[in-house]
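Here's the structure, in structure tokens; my notes come after.
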There are 2 protein chains.
Amino acid sequence: MAATIRDVARLAGVSASTVSRALSLPGMVNAATRARVAAAVEQLGYEPNRAARGLITGRTGTIGLVVPDLANPFFASLTKGVQARARRHDVAVFVADTDEDPTAESGLVRALSKQVDGVVLCSPRGSDEELAAIAQETTVVLVNRAAAGLPGVSYDNEDGMRQAVAHLVALGHRRIAWVGGPASSWSTQHRAVGLRNAVEALQVELAPVGNFAPTYEGGMAAADQVAATGATAVIAYNDLVAIGLLARLHSRGISVPGDLSVVGVDDIAMSRMARPALTTVRLPKQEAGRVAVELLLALLDDPDAASTTHGDLHGELIVRDSTGPAPLK
Amino acid sequence: MAATIRDVARLAGVSASTVSRALSLPGMVNAATRARVAAAVEQLGYEPNRAARGLITGRTGTIGLVVPDLANPFFASLTKGVQARARRHDVAVFVADTDEDPTAESGLVRALSKQVDGVVLCSPRGSDEELAAIAQETTVVLVNRAAAGLPGVSYDNEDGMRQAVAHLVALGHRRIAWVGGPASSWSTQHRAVGLRNAVEALQVELAPVGNFAPTYEGGMAAADQVAATGATAVIAYNDLVAIGLLARLHSRGISVPGDLSVVGVDDIAMSRMARPALTTVRLPKQEAGRVAVELLLALLDDPDAASTTHGDLHGELIVRDSTGPAPLK
DNA sequence: ATGAAAGCGCTAACAC
DNA sequence: GTGTTAGCGCTTTCAT
């Protein structure tokens with residue numbers, strides 16, 4: 001059996017409350033007693049029982065993480081970041097995967113919420129109203145989505161798209177195709193806006209080819225339409241789509257970057273390994289997870305810390321072979 | 001505030017103990033009372049507080065999962081399987097990532113073990129002794145590793161290698177190179193054994209080129225040595241290594257599968273997207289996670305269920321372009 | 001079949 | 001600064 005606080009108290013010759021205080025509020029106990037307690041703790045290998053503590057404090061020392069798909073490298077990295085940062089704070093992480101089912105989202109969060117202090121919700125597809133309802137019941141931090149009034153971390157999609165367009169324009173491109181992700185996705189909408197602003201500012205043309213699944217298959221499906229636009233460059237919703245484009249363009253005999261330059265978003269590991277290696281807007285994935293955890297913990301400590309309520313992360317253009325090496329002839 | 005068992009008891013006009021029984025041991029309570037309790041539970045949206053229950057039962061309804069690297073697609077899939085199956089059993093999953101640090105392994109398990117009923121430990125690098133010590137303190141199920149006496153799920157690596165070799169030999173290959181993973185890895189060792197058996201049975205030659213990191217970079221590093229062996233085919237420790245080989249061979253002007261056929265292991269999503277698409281031994285990743293959870297839960301219910309103590313999963317050869325389409329000339 | 005009472009391990013008033 | 005008391009929400013004897 002594991003040692004309890006009473007065992008420690010007995011061994012240290014003090015009361016249980018003193019042990020409790022020595023551990024949680026060291027300032028409130030005499031240095032000498034504190035040392036005796038520490039010794040007893042050490043000797044017994046005592047670790048407070050979190051369930052018992054939680055029962056009384058109402059805090060579990062646990063947070064939940066809900067992602068659409070763990071097998072998607074983007075979310076896997078994010079999870080890694082969340083998990084690492086939470087551990088630093090001695091907080092455990094429950095992970096739940098909705099399997100890309102938007103219907104499951106709020107149910108999962110609600111189920112989790114009984115067991116955790118707060119939840120990090122990634123790329124939610126639910127409506128703003130649904131999210132607001134969830135936030136009513138539990139402390140939530142959104143990732144990759146901004147919803148009115150809710151705390152969260154998102155990426156500056158507009159700026160990322162600006163960087164991508166600027167790069168392509170500098171290489172001589174004047175007509176740029178855009179393969180969107182799911183129409184309902186917050187990031188697709190914002191990337192589209194950023195793109196429109198950027199092409200307008202730089203006086204080039206944008207050729208949107210519609211919305212596709214954010215997958216390799218989505219890219220394969222979009223490729224022929226991209227080719228038909230007559231654009232000399234294409235920006236894809238994400239790297240998976242861009243790699244799908246690469247595959248289909250290759251089998252059509254369309255050379256990248258010779259005939260068409262391709263840019264993705266995310267910078268998943270796979271992008272470096274693609275042929276040609278993919279130019280992409282790198283999104284700091286683990287960083288988003290870390291920021292989300294910090295935000296959540298801050299919010300739990302002080303529920304109306306309105307000042308730190310939203311994080312905004314920047315992407316960084318990574319130039320690889322799919323847009324080079326030579327400028328457009 | 002959430003409803004407590006007393007609220008339910010009051011509303012149903014019974015005592016708290018009756019509510020408790022109605023929920024956990026329905027057989028022990030009168031059908032009529034049971035119905036009244038059920039109605040009250042429904043009306044109040046009551047959910048038992050797990051921490052309070054755990055305090056007395058000693059069970060948390062939570063399991064831990066320790067993986068070397070969440071960003072590795074292999075472990076991401078596995079985690080997905082674990083998480084999905086655990087949810088079916090209404091069990092929550094704590095996920096921890098060791099960041100490929102074997103030293104962190106046992107510490108993490110120990111830390112987790114205070115908060116969970118049992119732990120699924122994936123691809124542990126620790127010694128058999130370390131693992132045995134951990135198993136002493138908490139219920140553990142190993143994945144991708146068999147250690148004397150410990151329950152676990154692993155793959156039939158020997159058979160997987162046999163399939164790969166048979167395929168290559170049927171295509172006409174007579175000298176097959178092998179790029180091993182980390183020397184300390186259990187699966188490297190077993191794959192090597194399977195390979196030796198297979199080449200012996202089929203009367204062909206094996207050319208091992210040593211041990212490399214189980215990554216894309218590892219594959220890049222191994223490629224030139226592979227080429228130098230004079231083999232016409234190579235089997236890589238895993239798909240990441242195989243894709244690294246593909247990249248380096250391509251830049252050396254060595255054609256795959258024209259000059260050299262390449263086979264990987266795992267069948268991660270990336271393999272389908274490689275150019276040429278990678279022939280590989282598909283390992284059921286999510287399935288391993290599911291089996292591990294079932295095993296762990298069975299063990300928790302009956303600590304000496306020695307019968308179901310080890311699962312063995314089979315790989316399946318997936319033939320793609322990196323070993324075809326034409327047989328060796 | 002049901003209720004009363006005790007207590008899991010801990011923290012938070014409240015005394016001193 | 002420290003001990004005493006009470007109680008978080010639940011399950012589990014032990015009565016009845």
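Convention: sequence-line order gives letters A, B, ...; per-chain numbering from 1. Computed from a prediction, not measured in an experiment: that's the story for all the values here.
The CZ atom of R125(A) lies 10.5 Å from the CG atom of D101(A); values are rounded to the nearest 0.5 Å. Summarising the geometry, atom OH belonging to Y46(B) is positioned 9.0 Å from atom CG belonging to D7(B); distances are rounded to the nearest 0.5 Å. Going from atom CG of L23(A) over to atom CD1 of I5(A) covers 6.5 Å, rounded to the nearest 0.5 Å.
Side-chain contact check for R85(B) versus Q286(B): every heavy-atom pair is 4.5 Å or farther apart.
Note: Y155(B) and F74(B) have perpendicular aromatic rings, judged against thresholds of 30 and 60 degrees for the angle between ring planes.
A straight line from CZ of R36(A) to C1' of dT2(D) spans 11 Å, rounded to a whole angstrom.
Counting only residues at least two apart or on different chains, the salt bridge (charged side-chain N to carboxylate O under 4.0 Å, His left out) pairs with a member in residues 72-82 of chain A are K80(A)-D69(B), K80(A)-D97(B), K80(A)-D99(B).
Within residues 8-26 of chain B, the residues that place at least one heavy atom under 4.0 Å from DNA chain C are, in residue-number order, V14(B), S15(B), S17(B), T18(B), R21(B).
T18(B) and S15(B) form a side-chain donor-acceptor contact under 3.5 Å, judged by distance and modelled atom types alone.
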Might you list the N or O atoms of the protein lying below 3.5 Å from N or O atoms in nucleotides 6-9 of chain C, with each pair's distance?
| from | atom 1 | to | atom 2 | distance (Å) |
| --- | --- | --- | --- | --- |
| dG9(C) | N2 | A52(A) | O | 3.3 |

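Heavy atoms only, all atoms of each residue included: V82(A) and G289(A) are closest at CG2-CA, 3.5 Å.
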